[in-house]
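Computed from a predicted model, the values in this text were never measured in an experiment. Proteins get letters first, then strands, A, B, ... in listed order; numbering begins at 1 in each.
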Number of protein chains: 2
Amino acid sequence: MTTPAIITHSMNIMMMVTRTKLFPMTSVGIRSTKQRTAVSAALNELEDFRSTQEIHEYLKERGDSVGLTTVYRTLQALSAAGEVDVILREDGESVYRLCSDAHHHHLVCRQCGHTVEVEGPTVERWADSVSAEHGFTDVSHTLEIFGLCANCSAVSH
Amino acid sequence: MTTPAIITHSMNIMMMVTRTKLFPMTSVGIRSTKQRTAVSAALNELEDFRSTQEIHEYLKERGDSVGLTTVYRTLQALSAAGEVDVILREDGESVYRLCSDAHHHHLVCRQCGHTVEVEGPTVERWADSVSAEHGFTDVSHTLEIFGLCANCSAVSH
DNA sequence: AACGAACTTGACACTCATTTTCATTTAGAG
DNA sequence: CTCTAAATGAAAATGAGTGTCAAGTTCGTT
Ligand SMILES: [Mn+2]
Ligand SMILES: [Mn+2]
Ligand SMILES: [Zn+2]
Ligand SMILES: [Zn+2]
């Protein structure tokens with residue numbers, strides 16, 4: 001009953017297609033450029049959260065060199081548009097990842113960066129009710145779980 | 001049935017006493033200095049999360065001038081020792097606060113900084129179980145709720 | 001296909017929180 | 001009191017992110 005490799009591969013392809021997000025050029029005045037396309041492509045290929053500098057480096061190695069300033073601007077625009085998720089690493093650096101559309105949180109390996117999306121309807125309700133109890137409005141929350149993934153746990157004995 | 005001012009004052013004193021935490025000088029080689037005492041005193045007086053620079057400024061106005069580098073070092077040592085809580089503001093700057101001992105999270109006003117400690121046993125269990133399901137070990141989590149406190153909500157109509 | 005206004009890019013200078021360096025001062029054990 | 005490891009703080013360095021602006025590109029219009 002093991003999942004055949006071929007199926008896993010197809011699933012990966014499906015996931016990539018599902019994850020594809022382009023720079024939001026829908027509204028007037030927003031233009032499609034090869035730099036924005038390259039950044040979107042990089043996010044599409046990278047599985048885990050990456051910093052602006054890492055994505056810039058990735059593009060350079062890949063051949064699609066894009067100015068660092070442009071990578072900063074593009075990632076910020078994508079996150080402002082809600083097309084990518086951002087989290088602050090413990091050192092305060094912002095890292096980006098192309099995620100699914102639904103509201104979710106992350107389980108992040110602090111060793112290798114491996115990321116799993118997780119949902120918790122109970123947590124959402126708790127956050128809403130505790131906010132309301134204290135009269136807070138216009139609330140948002142951040143919730144991330146850091147640890148060692150199964151792989152990294154095994155490696156370190 | 002309004003709480004008399006005198007009682008409120010006593011309660012504040014009690015809270016201050018309860019909240020008091022000094023720099024951890026228990027282990028050998030750790031010394032008690034007037035700078036560390038001053039930083040602990042400032043944390044004791046400040047209610048909300050404050051940045052290193054804000055605490056440095058507060059000490060200057062207060063008369064207990066301490067070098068900025070020393071304030072950085074002291075706050076980092078206190079947070080490493082678990083004596084104070086630290087959270088990353090959305091701009092990536094670290095802010096510190098003297099909190100209660102028990103594990104808890106925060107409801108933070110993004111306008112005025114007013115902070116409320118909140119607990120959520122359900123959330124803790126959820127975080128543990130979802131981590132276990134994915135084989136993660138050595139997990140920790142961050143969870144903060146940002147919004148506008150009742151006061152700030154009222155002010156902005 | 002050519003035009004041109006608005007948008008975009010990227011090299012470079014700059015900001016500012018945090019870290020490093022290191023000469024000087026200080027806590028506290030003996 | 002003396003001595004020395006620990007601590008301080010002024011100054012320089014670091015580095016992620018931002019502002020500037022001349023040059024390049026996109027795309028609707030002609
Ligand atoms: Mn949530
Ligand atoms: Mn918790
Ligand atoms: Zn891992
Ligand atoms: Zn407020």
Side-chain angles (χ1 to χ4, degrees), chain A residues 22-43 49-81 83-97 113, chain B residues 22-42 49-81 83-84 86-97 113:
Chain A
L22 296 176
F23 192 90
M25 294 160 292
T26 43
S27 41
V28 294
I30 304 294
R31 296 178 182 177
S32 166
T33 66
K34 64 172 176 299
Q35 289 89 342
R36 288 170 176 172
T37 303
V39 171
S40 291
L43 287 167
F49 281 97
R50 302 288 182 199
S51 69
T52 305
Q53 315 240 11
E54 286 167 346
I55 292 169
H56 174 249
E57 193 57 33
Y58 180 80
L59 288 169
K60 193 183 294 178
E61 288 170 8
R62 201 169 172 285
D64 296 322
S65 188
V66 175
L68 180 58
T69 310
T70 300
V71 182
Y72 270 108
R73 284 189 292 234
T74 304
L75 290 171
Q76 280 161 3
L78 282 167
S79 95
E83 304 290 337
V84 298
D85 280 13
V86 196
I87 66 182
L88 281 177
R89 276 200 315 225
E90 318 232 330
D91 63 357
E93 202 172 334
S94 296
V95 288
Y96 302 84
R97 179 179 188 269
Chain B
L22 295 177
F23 192 90
M25 294 159 294
T26 42
S27 40
V28 296
I30 303 293
R31 298 176 180 178
S32 166
T33 65
K34 64 172 176 301
Q35 288 89 343
R36 287 171 177 174
T37 303
V39 172
S40 290
F49 281 98
R50 301 290 180 199
S51 70
T52 304
Q53 315 239 14
E54 287 167 348
I55 292 169
H56 174 249
E57 191 57 33
Y58 180 80
L59 288 169
K60 193 182 295 176
E61 288 170 7
R62 203 168 173 284
D64 298 321
S65 188
V66 176
L68 179 58
T69 309
T70 300
V71 181
Y72 269 106
R73 284 189 290 232
T74 304
L75 290 171
Q76 278 161 4
L78 282 167
S79 97
E83 304 290 337
V84 299
V86 55
I87 65 181
L88 282 177
R89 276 199 316 223
E90 317 230 332
D91 62 358
E93 203 171 332
S94 296
V95 288
Y96 301 85
R97 179 178 188 268

*Roughly how many Å is it from CD in A/E93 to P in C/dA17, rounded to a whole number?*
17 Å
*Is any side-chain nitrogen or oxygen of B/T33 closer than 4.0 Å to OP1 or OP2 of D/dA6?*
no
*List the steps, then state whether side chain to side chain contact (heavy atoms under 4.5 Å, CB included) holds for A/Y96 with A/Q76.*
CA-CA 9 Å; A/Y96 302 84; A/Q76 280 161 3; 3.9 Å; yes
*Separation of atom CG in B/L88 from atom P in D/dA16, rounded to whole Å*: 16 Å
_Without decimals, in angstroms, what is the distance between B/M25 CE and C/dA27 C1'?_
12 Å
*Starting at CG of A/L59 and ending at P of C/dG10, how long is that distance when rounded to a whole Å?*
11 Å
_Looking at every non-hydrogen atom in both residues, tell me the closest pair between A/V66 and A/A38 and how far apart they are._
CG2-CB, 4.1 Å
_Nearest-Å distance for atom pair CG/C1', residues A/L75 and C/dT9_ = 15 Å
*Return no unless some side-chain N or O of A/Q53 is found under 4.0 Å from OP1 or OP2 of D/dA16.*
yes
*Per the end-axis method with five pairs at each terminus, what is the bend angle of the helix from C/dA1-D/dT30 to C/dG30-D/dC1, to 10°?*
30°
_For C/dT8 and A/Q35 - does any side-chain N or O of the residue sit under 4.0 Å from the phosphate oxygens OP1/OP2?_
no
*Return no unless some side-chain N or O of A/R31 is found under 4.0 Å from OP1 or OP2 of D/dT25.*
no
*Hey, mind stepping through A/Q53 and A/E57 against side chain to side chain contact (heavy atoms under 4.5 Å, CB included) and telling me if it holds?*
CA-CA 6 Å; A/Q53 315 240 11; A/E57 193 57 33; over 6 Å; no
*Under 4.0 Å between any heavy atoms, over every strand shown, what does A/S51 touch: base, sugar-phosphate, or nothing? Just pick one.*
nothing
*Whole Å only: how far is the CD atom of A/E57 from the P atom of D/dA16?*
12 Å
*Please tell me which of B/T52 and A/V66 maps to the more 5' nucleotide of DNA chain C, matching each residue to the nucleotide holding its nearest heavy atom.*
A/V66
*Do any pairs count as a salt bridge (charged side-chain N to carboxylate O under 4.0 Å, His left out) and have a residue in residues 65-81 of chain A, sequence neighbours left out, and if so which ones?*
none
*Gap between atoms OH and P, on B/Y72 and D/dT8 respectively (whole Å)*: 16 Å
*Between B/S32 and B/T69, just flag the one whose closest nucleotide in DNA chain C comes earlier from the 5' side.*
B/T69
*Nearest-angstrom distance from the residue atom CG of B/L68 to C1' of D/dA7*: 16 Å
*A/R89 side chain vs A/F49 backbone, donor-acceptor pair below 3.5 Å*: no
*Any side-chain heavy atom of A/L43 within less than 4.5 Å of one from A/L75?*
yes
*For the side chain of A/R73 and the base of C/dG10, is some donor closer than 3.5 Å to an acceptor across the two?*
yes
_For a 4.5 angstrom cut-off between non-hydrogen side-chain atoms, does A/L78 reach A/F23?_
yes
